[in-house]
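Taking it in order: structure first as structure tokens, then the write-up.
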Amino acid sequence: MRRVSHAIDRIDVTFDDSNLVANAGLLLVATLTQRLGLEALVNATVRLVGRIGGARPGRKILTLVHSMIAGGSHITHANVLRAGSTAGVLGHRVMAPSTIGTFLRSFTFGHVRQLEAVVGRCLERVWALGAGPGSEPLVIDIDSTICQVEGKNKHGAGYGYTKVLGYHPVLATRSGTGEILHARMRKGAANTQRGARRFIDELIARVRRAGATGELTVRFDSGFWSNDTIATLNRLNVRYTMAVRTNVKGIAAAIASIPEQAWVEIEYTPDGRAQVGEVAYTTGKGNNAVTRRLIVRRTRLTDTRQLKLWPDWRHHGFLTDLDGTAVDVDLFHRRHAVVELAIRDLKEGAGLDHVPSGNFHANSAWLQCTVLAHNLIRWTSILGNIRIDDQLVVARTIRTQHLALPGRLVNRSGTPNLRLPTNWPWATQFIAALNTLRLLRPAPA
């Protein structure tokens, strides 16, 4: 038997090319970042004067955000941006991970609120560039999620209804694009409804300032169901669909009052059957009492063997002030599930799968950075016309096709030239997106 020669074993490896660029496609996002004036906006808004690590917050935020966009989920992953000539395509100085860690720990609650304001101002600038809904109806989905952590030294981490140790942030997303419109970090033991009224007030004010002048509709799951939330929505003149708990006595009685002949059959899963019905339901007391439509979907299995185990209908209801048939409104409400896709992408695609610090306010600032990273990916795909047929494109797809590009930054006759691989499948789309982003007007200083 003769030995087979393995040519791959003959390859020598050296890390000695200072012109190479890791994730050269970050040029797309960095171009949009400059058009938005993000570094200057952070410097003007986040005022950490006198605090250790608080100088020049803009470049530190951008270092962390660009690291997340490149796939980083830990502070140390920012070192990727310091390799070769990567900083040359970013437009800002790249800071060391140790500096970023010190910077995040310098945040207080007020400074986190200032960083939240940066996210809101970015939203205004992006929507002014043509990515906003304008006078068209805007559908918003609000939900909460659990960010699991390890260890007992995470300030604010706790056990909630899921019995998982972690934090419990609340988020609002834009249906159709997956943008995070607003986010707030909360302690792990926080009830789902905690801070909901203030969050909704801030959310509606933010999207109105950003230029959403059309009808607003917000979709909720049953965790946010309360008379206080409904009163807030009525005060703000916001339409809604809000899931309810069908085991509550009043809701159960209302469902039972729906006549059998009023249920309408709808298309459902191959192994299931579903019908939709509705009844009027009054919520609140005294002057705050309002009567709304309670739309109910009941489901059951059709397999005869399974039907013996679960013979009863299972009911899923929600309150709404929307017009239209019960079937159409039920279908609209079920699309609330798209919020889970945005949250999953925020975790898997923008760094929220890991909450790095033992300091609660540092983790709150981390959340806002993940929101910026997530949104910048979405905004780049929208304004750069990368999306196909207005589909929701997840971060992994954008990163694979347009960001995680090997490149070499060279000087050609005094002009920086970014050399990228031949036969790249998405080269034409990349160049078109870059040219489109460069045509955007810069934000005012």
Q: Measure from the ring center of His168 to the ring center of Tyr161 and say whether it is less than 6.0 Å.
A: yes
task = Before accepting this row, confirm whether a basic side-chain N of the pair Arg378/Asp345 lies closer than 4.0 Å to the acidic partner's carboxylate O.
result = yes
Check whether Arg300 reaches the backbone of Arg314 with its side chain - one donor and one acceptor, N or O, closer than 3.5 Å. no
| task | Could you tell me whether Arg113 atom CZ has more than 12 heavy atoms of other residues or ligands within 6.0 Å of it? | result | yes
Is the shortest side-chain N to carboxylate O distance from Arg56 to Glu39 below 4.0 Å?
no
When you check the gap from the basic side-chain N to the acidic O, do Asp141 and Arg335 get nearer than 4.0 Å?
no
Keeping Thr415 on the side-chain end and Asn411 on the backbone end, is there a donor-acceptor pair under 3.5 Å?
no
When you compare the side chains of Lys347 and Thr370, does any donor N or O come within less than 3.5 Å of an acceptor on the partner? no
Validate the cation-pi geometry between Arg51 and Phe107: distance from NZ or CZ to the six-membered ring centre under 6.0 Å, angle to the ring axis within 45°.
no
Practice problem: Answer yes or no: is there a donor N or O on one side and an acceptor on the other, between the side chain of Thr400 and the main chain of Thr397, under 3.5 Å? | Solution: no
| query | Is Thr241 close to Leu322 at the side-chain level, that is, under 4.5 Å between some pair of heavy atoms? | reply | yes
Problem set entry | Val238 and Glu215, any side-chain heavy atoms less than 4.5 Å apart | no
Assess the pair His155 and His361: is the distance between their ring centroids shorter than 6.0 Å?
no
| Under the 3.5 angstrom rule, does the side chain of Gln401 hit a backbone N or O of Trp426 as a donor-acceptor pair? | no
Q) Under 3.5 Å, is there a donor-acceptor pair between the Asp321 and Tyr240 side chains? A) no
Notebook entry, point to check: Is the closest side-chain donor-acceptor distance between Gln429 and Trp424 under 3.5 Å?
Noted result: no
Looking at His77 and Ser67, would you say the former's side chain and the latter's main chain have a donor-acceptor pair under 3.5 Å?
no
Per side-chain contact (heavy atoms from CB on, under 4.5 Å), Phe318 is matched among Arg219, Arg334, His333 by His333
Counting only N and O atoms by type, is there a donor-acceptor contact under 3.5 Å from the side chain of Arg186 to the main-chain atoms of Thr192? yes
| said: Is a donor from one side chain sitting under 3.5 angstrom from an acceptor on the other, for Asn375 and Arg174? | reply: no
Across all chains, not counting sequence neighbours, the side chain to side chain donor-acceptor pair (under 3.5 Å) partners of Trp366 are none
Evaluate side chain to side chain donor-acceptor pair (under 3.5 Å) for Ser357 paired with Lys154, printing each intermediate quantity in order.
-> CA-CA 7 Å; Ser357 181; Lys154 297 280 190 179; over 6 Å; no
Mark yes when over 12 heavy atoms from residues, nucleotides or ligands other than Glu150 sit less than 6.0 Å from its CD; otherwise mark no.
-> no
Check your understanding: Does a salt bridge link Arg198 with Glu202, judged by any charged N lying under 4.0 Å from a carboxylate O?
Key -> yes
